[in-house]
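In what follows, a structure is listed as structure tokens, so that the remarks can point back to it.
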There are 2 protein chains.
Amino acid sequence: MTQTSETTSYKDIKRTVLSRIRSGDWGPDSLLPNEQDLAAEFSCTRTTVNRALRELADEGYLERRRKAGTRVLSAPQRQARFTIPMVRDEVEALGGTYRYALVSSARENAPDWLAARLALRTGQPVMHVRCMHFSGNTPFQYEDRWIVVDSVPQVMQADFSQIGPNEWLIQTVPFTNVELTFLASRADAMVAGFLDVPEGEPVFTGERITWLEGQPVTFAKMYFAAGYRMTTQF
Amino acid sequence: MTQTSETTSYKDIKRTVLSRIRSGDWGPDSLLPNEQDLAAEFSCTRTTVNRALRELADEGYLERRRKAGTRVLSAPQRQARFTIPMVRDEVEALGGTYRYALVSSARENAPDWLAARLALRTGQPVMHVRCMHFSGNTPFQYEDRWIVVDSVPQVMQADFSQIGPNEWLIQTVPFTNVELTFLASRADAMVAGFLDVPEGEPVFTGERITWLEGQPVTFAKMYFAAGYRMTTQF
DNA sequence: AAAAATTTAAAGTCTACACAAATTGGATAT
DNA sequence: ATATCCAATTTGTGTAGACTTTAAATTTTT
């Protein structure tokens with residue numbers, strides 16, 4: 001048989017399964033019928049059911065194990081997907097005009113805390129770049145970044161006066177792994193100065209570590225201006 | 001032909017495509033060969049190529065459009081997936097013993113700011129629940145929550161002295177949409193008292209709004225203890 | 001009993017093919 | 001030149017069927 005306008009689509013199945021979960025028809029921890037039976041119920045092939053259930057599992061509603069079957073997750077491990085935008089895009093999306101300014105850029109030796117964080121040898125050479133991102137004339141983000149010279153030798157020739165280190169890295173070095181952390185920190189004198197807020201002010205802060213195939217590439221600390229909110233919907 | 005141990009798997013294709021992107025072989029914005037040609041190259045069916053490319057597109061590496069083809073996204077819109085854990089799980093994952101304590105629970109009329117936030121009528125009845133989550137005897141999170149009575153009438157009978165409002169809601173009401181926001185706020189006298197930090201201390205704060213089919217269900221504000229870090233890897 | 005080997009049920013993945021839907025780009029008409 | 005229509009291309013999704021892998025359940029052996 002072939003696909004007509006009356007064909008059951010995997011999207012229909014997803015919808016139906018979700019509504020049965022929500023209605024309590026298939027309660028938490030309960031076992032769903034197997035793919036064959038569902039295929040029979042929806043009069044479609046197992047392939048189609050498989051796709052629907054696989055996607056629902058990806059989205060955190062179901063847990064699937066061979067032989068054990070498919071069950072409803074009791075505490076739906078809903079996952080929020082934050083798209084990590086580049087500062088420029090974020091500023092422009094908020095209706096501002098993006099402006100970048102380099103604060104300093106120098107070759108240094110990795111301090112202890114950084115070496116520990118990135119699993120470097122103490123004193124291994126790193127490029128230390130500090131810069132500002134503005135929305136119009138308002139400070140938006142202060143960025144404090146270290147780039148591992150041994151992993152990215154080209155960084156010694158890079159000119160960060162016009163282009164930000166993040167944009168430079170993205171178009172220069174690929175990465176395979178990222179660790180992202182968010183926290184609330186207190187503005188020290190320097191950060192307060194750059195962001196134009198009182199010293200001691202709470203600052204939404206992000207830390208990002210990037211690796212390429214196990215090699216540490218960069219560590220960045222991003223201090224957001226007062227009032228910054230990171231939002232997502234799902 | 002059938003599947004042997006030498007069969008090309010969609011995972012192999014994903015790996016190969018990714019490595020070609022990373023090596024610059026297929027640079028940003030470049031157009032990939034169409035599915036047919038890739039299938040020929042990998043000597044597999046178009047179905048298999050389709051799955052590989054579809055997943056890479058889901059993961060934010062590629063953009064696909066009918067007739068236009070598949071292109072490499074210039075700025076890989078990598079998406080961080082934060083799994084939103086329940087406080088209990090988070091505390092236990094960190095090796096602590098979870099303890100819950102109700103602070104107050106009362107029926108109120110929605111104040112202006114809440115009504116605006118949830119698109120309620122001013123004065124619409126809401127259940128206002130405040131509670132603490134501990135790790136051992138250390139404060140972990142202070143939660144300030146409002147539940148829309150008209151959307152969840154059962155809430156008037158709920159007893160929040162033993163179970164937290166979040167856990168109660170999860171096992172009682174399904175939800176379809178969530179908005180999640182994180183920010184750095186300043187501890188006011190009350191929050192400082194509950195979290196046992198000095199007044200004015202930076203506090204990592206989360207806000208969560210939940211809807212069921214367009215109906216606002218609950219608004220929660222979560223204040224995390226000093227030093228809290230939200231981390232993810234991808 | 002406990003441990004090891006075997007069976008078996010379920011999801012995972014692939015082949016091979018077909019039709020559907022979207023959108024681009026060119027042809028045609030205004 | 002501009003608007004409209006049409007054909008071609010590419011991804012999207014389905015059917016039907018088979019083999020593979022995992023791990024739960026059962027049986028056999030120790």
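Side chains included, hydrogens not; waters and symmetry mates left out as well; all remaining heavy atoms used. Predicted, not measured: the structure shown is a model, and the values here were computed from it. Letters A, B, ... are given to chains in the order of the sequence lines, protein chains preceding strands, and every chain is numbered from 1.
B/Thr172 meets the side-chain hydrogen bond (donor to acceptor under 3.5 Å, both in side chains) test with no other residue; sequence neighbours excluded. For A/Tyr10, there are no ring pair (Phe, Tyr, Trp, His ring centres under 6.0 Å) partners at least two apart in sequence or on another chain.
For the residue pair A/Glu143 and A/Asn166, no side-chain donor N or O sits within less than 3.5 Å of a side-chain acceptor on the partner.
B/Arg46 comes within 4.0 angstrom of a base, heavy atoms only. Contacts of B/Thr70 with the nucleic acid, taken as non-hydrogen atoms under 4.0 Å apart, involve only primed sugar atoms and P, OP1 or OP2. Counting non-hydrogen atoms under 4.0 angstrom, B/Arg54 reaches nothing in the nucleic acid.
Taking side-chain N and O atoms only, A/Asn50 has no distance below 4.0 Å to OP1 or OP2 of C/dT13. Contact annotation: B/Ser9 side-chain N/O to C/dC14 OP1/OP2 distance is under 4.0 Å. Between A/Thr47 and D/dA16 there is no side-chain polar atom (N or O) within less than 4.0 angstrom of OP1 or OP2. Here B/Arg64 reaches the OP1 or OP2 of D/dG12: one of its side-chain N or O atoms lies under 4.0 Å away. In terms of phosphate contacts, A/Lys11 brings no side-chain nitrogen or oxygen within less than 4.0 Å of OP1 or OP2 of D/dG12.
Of the listed nucleotides (D/dG12, D/dT21, D/dA24), D/dG12 has the atom at the smallest distance from the side chain of B/Arg66. If you check D/dT11, D/dT10, C/dA9 against the side chain of B/Lys67, the one that comes closest is D/dT10. Distance from the side chain of B/Tyr10 is smallest for C/dT13 among the nucleotides C/dT13, D/dT11, D/dT15.
Rounded to whole Å, atom P of C/dC14 lies 14 Å from atom CZ of A/Arg51. To the nearest angstrom, C1' of C/dA11 lies 14 Å from CZ of A/Arg71. With rounding to whole Å, A/Glu63 atom CD is found 10 Å from D/dA24 atom P. Look at CD on A/Gln36: it is 14 Å from P on D/dT15, rounded to the nearest Å. Residue A/Asn34 contributes atom CG, which lies 5 Å from atom P of C/dA10 at whole-angstrom precision. We find that CD of A/Glu55 is positioned 16 Å from P of C/dA11, with the value rounded to whole Å. The interatomic distance linking A/Asp12 (CG) with C/dA20 (P) rounds to 17 Å, in whole Å. For the pair B/Leu62 CG and D/dT11 C1', the interatomic distance rounds to 13 Å; values are reported in whole Å.
Within the 4.5 Å cutoff, side-chain heavy atoms of B/Ile147 are placed close to those of B/Phe160.
For A/Tyr61 and A/Trp26, the gap between ring centers reaches or exceeds 6.0 Å.
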